[in-house]
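Take a look at the structure below.
Excluded from the calculations below are hydrogen atoms, water molecules and symmetry mates; all remaining heavy atoms, backbone and side chain alike, are included.
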Amino acid sequence: MRFDLVTLFPDFFESPLRSGLVGKALQKQIAEVFVTNPRDFATDKHRKVDDEPYGGGVGMVMKPEPIAAALDSLPQLPRREVIYFTPQGQPMTQSLFKALSANCDQLVLLCGHYEGVDERVMSLVDREVSLGDFVLTCGEIPALTLLNGVLRLQPGTVGKEESLKAESFEEPLLDYPHYTRPPEFRGLTVPAVLMSGNHGAIEQWRREEQILRTRERRPDLDRPPAPPPTHPPCMGPDQWTQVQWVIQRLETHQIHYQVTGGLAGNLYGSAWPLHDLDVDVAIADFDRAYACFQDWAIAPPDRYIDAEFDLLLLRLDVNGLLVDLCADEAAYAIRGQKRLPLNTDLKTAHRTRYFGQSLWVQSLHHLIAYKERLGRSADLAELRQLLR
């Protein structure tokens with residue numbers, strides 16, 4: 001197995017990679033570890049690898065060019081994953097170690113620093129992983145943890161492979177207590193069963209200790225995990241399937257859009273029920289949107305005017321899901337005698353992922369401004385609470 005460590009501080013790994021079982025496994029060539037420094041790929045005379053963040057703020061951000069060049073310089077084995085370490089990633093677990101150990105020939109471990117890496121680097125990353133719900137000074141610590149956890153599962157790293165099967169987290173139980181000589185230490189004695197020579201009784205004692213220790217210290221492991229939800233709480237699975245189909249069709253046909261209304265509120269944490277799907281579409285793409293969804297259109301695009309709105313609207317019925325496509329620069333709120341632009345600026349939309357679906361969503365500040373124009377006080381109170 002090949003590990004590639006992409007790090008600004010190669011010295012961090014020198015001692016750990018020479019020590020203990022990891023050092024012995026590398027000597028036996030069970031795995032290979034290579035270290036690549038993005039600074040070697042910086043092109044300016046100061047070999048600069050970080051810069052100030054756009055939009056201001058504290059700290060520095062690692063530049064994308066040296067990282068991309070460092071990653072591009074590495075060989076690519078058939079079963080390869082590029083992993084970046086961030087508190088925003090999936091939790092690092094024993095099951096992750098087992099999956100990577102069994103399914104990968106090469107792991108590229110990208111270590112971040114400062115305020116992290118330029119977001120565009122994420123297009124080169126296969127997986128984001130977190131060591132826990134805390135912040136460290138560098139990505140080398142979780143990288144070393146993952147390398148250790150995966151390498152020790154490689155055949156030949158651990159002398160007695162049976163010991164791997166009786167560890168914490170190999171099943172949803174913690175490990176049992178361990179004792180060695182002397183039989184008494186400061187008034188504390190070794191349980192008699194462990195010195196009885198009765199292997200059946202010892203095995204039973206250990207199993208019972210695992211169960212008791214797990215229930216005492218990690219009761220969350222003592223029950224099967226709930227399956228992850230497959231659809232937002234504001235809608236049923238069939239309705240979410242239709243929403244995904246609409247989003248995917250917009251993206252396939254390269255129609256510029258943003259999700260707004262109830263689904264946007266849900267994305268930011270509101271509990272609004274979803275009665276339909278509201279989508280702003282670039283006015284330059286509106287004719288193409290009609291051509292794309294013509295078979296589902298309730299009527300051709302037209303101006304929609306009522307007591308609250310003046311819109312250029314295309315209304316769809318997608319297998320029972322009502323979808324309103326609104327032209328972004330032709331959307332107004334009506335307040336008395338005034339027509340107020342709804343500020344549906346697609347350039348401020350955020351790219352995010354929601355229940356497995358990537359999409360563009362209206363910014364929270366623009367969603368608040370939209371509700372202000374409509375005078376929706378209850379919705380405004382809930383949205384402003386989310387900003388606190």
Side-chain angles (χ1 to χ4, degrees), residues 1-9 12-13 16 33 35-38 49-50 53 57-64 66-68 70-72 74 76-77 79-153 168-169 172 218 220-221 225-230 232 267-269 350-361:
M1 189 172 200
R2 176 183 173 115
F3 294 88
D4 285 285
L5 299 164
V6 181
T7 172
L8 295 175
F9 298 95
F12 183 95
F13 296 97
V33 177
V35 180
T36 303
N37 192 339
V49 293
D50 63 334
V58 297
M60 304 290 277
V61 177
M62 290 181 67
K63 293 165 61 66
I67 296 175
L71 294 175
D72 291 344
L74 302 176
Q76 295 192 29
L77 301 187
R79 301 191 304 166
R80 171 176 118 146
E81 275 206 29
V82 180
I83 297 175
Y84 174 61
F85 299 97
T86 167
Q88 304 165 54
Q90 72 177 91
M92 192 180 297
T93 62
Q94 186 68 17
S95 60
L96 175 63
F97 293 161
K98 292 171 70 175
L100 295 175
S101 178
N103 299 320
C104 293
D105 300 318
Q106 180 185 17
L107 293 177
V108 181
L109 309 182
L110 174 57
C111 307
H113 270 270
Y114 318 119
E115 293 302 305
V117 302
D118 187 294
E119 183 66 22
R120 291 165 292 186
V121 171
M122 292 301 101
S123 64
L124 308 175
V125 170
D126 300 307
R127 189 193 299 262
E128 297 176 52
V129 173
S130 170
L131 188 56
D133 293 337
F134 45 81
V135 179
L136 302 173
T137 59
C138 63
E140 282 77 9
I141 295 171
L144 184 59
T145 303
L146 187 138
L147 185 154
N148 186 297
V150 173
L151 179 54
R152 69 186 301 274
L153 296 178
S168 296
F169 308 116
R218 289 292 303 275
D220 56 301
L221 296 177
T230 58
L267 276 157
Y268 289 114
H350 294 290
R351 185 71 171 174
T352 189
R353 193 169 182 84
Y354 193 51
F355 289 91
Q357 177 63 52
S358 296
L359 50 80
W360 290 99
V361 61

Task: Residue pairs, two or more places apart or on separate chains, that pass ring pair (Phe, Tyr, Trp, His ring centres under 6.0 Å) and touch residues 82-104 - done: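 Pairs touching residues 82-104 that pass the test: none.
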Task: Where Ser130 and Gly89 come nearest, the two heavy atoms and their spacing - done: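 So the two residues come closest at CB-O, 3.6 Å.
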TODO: Determine the minimum heavy-atom distance between Gly59 and Pro53, stating which atoms define it.
DONE: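 Shortest heavy-atom contact: O-CD, 3.3 Å.
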Gap separating the [atom1] atom of [X] from the [atom2] atom of [Y], nearest 0.5 angstrom:
| X | Y | atom1 | atom2 | value |
| --- | --- | --- | --- | --- |
| Met60 | Met62 | CE | CE | 11.5 Å |
| Trp360 | His350 | CH2 | NE2 | 10.0 Å |
| Leu144 | Leu151 | CG | CG | 10.5 Å |
| Phe13 | Thr7 | CZ | OG1 | 5.0 Å |
| Ile83 | Phe3 | CD1 | CZ | 9.0 Å |

Open item on the list: Evaluate Leu359 against Thr352 for side chain to side chain contact (heavy atoms under 4.5 Å, CB included), listing each step before the verdict.
Closed with: CA-CA 6 Å; Leu359 50 80; Thr352 189; 3.8 Å; yes
With sequence neighbours left out, write down each residue that passes side chain to side chain contact (heavy atoms under 4.5 Å, CB included) with [X], or none if nothing qualifies.
| X | result |
| --- | --- |
| Asn148 | Val22, Arg152 |
| Leu136 | Leu131, Phe134, Ile141, Pro142 |
| Arg353 | Ser358 |

- [ ] Please name the residue in the list Val35, Leu74, Asn37 that meets the side chain to side chain contact (heavy atoms under 4.5 Å, CB included) test with Val6.
- [x]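 One option only clears the test, and that one is Leu74.
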Please examine the side chains of [Y] and [X], heavy atoms only from C-beta on, and report whether any two atoms are closer than 4.5 Å.
| X | Y | result |
| --- | --- | --- |
| Val150 | Met1 | yes |
| Leu96 | Val129 | yes |
| Leu267 | Phe355 | no |
| Lys63 | Val49 | no |

May I have the list of side-chain donor-acceptor pairs in residues 115-122 shorter than 3.5 Å, sequence neighbours left out?
from   : atom 1 : to     : atom 2 : distance (Å)
Asp118 : OD1    : Arg120 : N      : 2.9
Asp118 : OD1    : Arg120 : NE     : 2.8
Asp118 : OD2    : Arg120 : NE     : 3.4
Asp118 : OD2    : Arg120 : NH2    : 2.6

Validation: residues 100-113 side-chain donor-acceptor distances under 3.5 Å, sequence neighbours left out:
from   : atom 1 : to     : atom 2 : distance (Å)
Ser101 : OG     : Gln154 : NE2    : 2.7
Asn103 : ND2    : Ala99  : O      : 3.0
Asp105 : OD1    : Arg79  : NE     : 3.4
Asp105 : OD1    : Arg79  : NH2    : 3.0
Asp105 : OD2    : Arg79  : NE     : 3.2
Gln106 : OE1    : Leu77  : N      : 2.8
Gln106 : NE2    : Asp4   : OD2    : 2.8
Gln106 : NE2    : Pro75  : O      : 2.8
His113 : NE2    : Glu140 : OE1    : 2.8
His113 : NE2    : Glu140 : OE2    : 3.2

TODO: For Thr145, enumerate each residue passing the side-chain hydrogen bond (donor to acceptor under 3.5 Å, both in side chains) test, keeping only those at least two apart in sequence or located in another chain.
DONE: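 In terms of side-chain hydrogen bond (donor to acceptor under 3.5 Å, both in side chains), with neighbours along the sequence ignored, Thr145 is linked to no residue.
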Open item on the list: Checking Thr93 now: which residues fulfil side-chain hydrogen bond (donor to acceptor under 3.5 Å, both in side chains) with it, not counting sequence neighbours?
Closed with: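 side-chain hydrogen bond (donor to acceptor under 3.5 Å, both in side chains) list for Thr93, sorted by chain: Ser95.
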- [ ] Could you tell me which residues satisfy ring pair (Phe, Tyr, Trp, His ring centres under 6.0 Å) with Tyr354, sequence neighbours excluded, listed by chain and number?
- [x]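 In terms of ring pair (Phe, Tyr, Trp, His ring centres under 6.0 Å), with neighbours along the sequence ignored, Tyr354 is linked to Trp240.
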TODO: Not counting sequence neighbours, list each pair that qualifies as a salt bridge (Lys or Arg N to Asp or Glu O under 4.0 Å) and has a residue in residues 80-93.
DONE: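 Found Glu81-Arg127.
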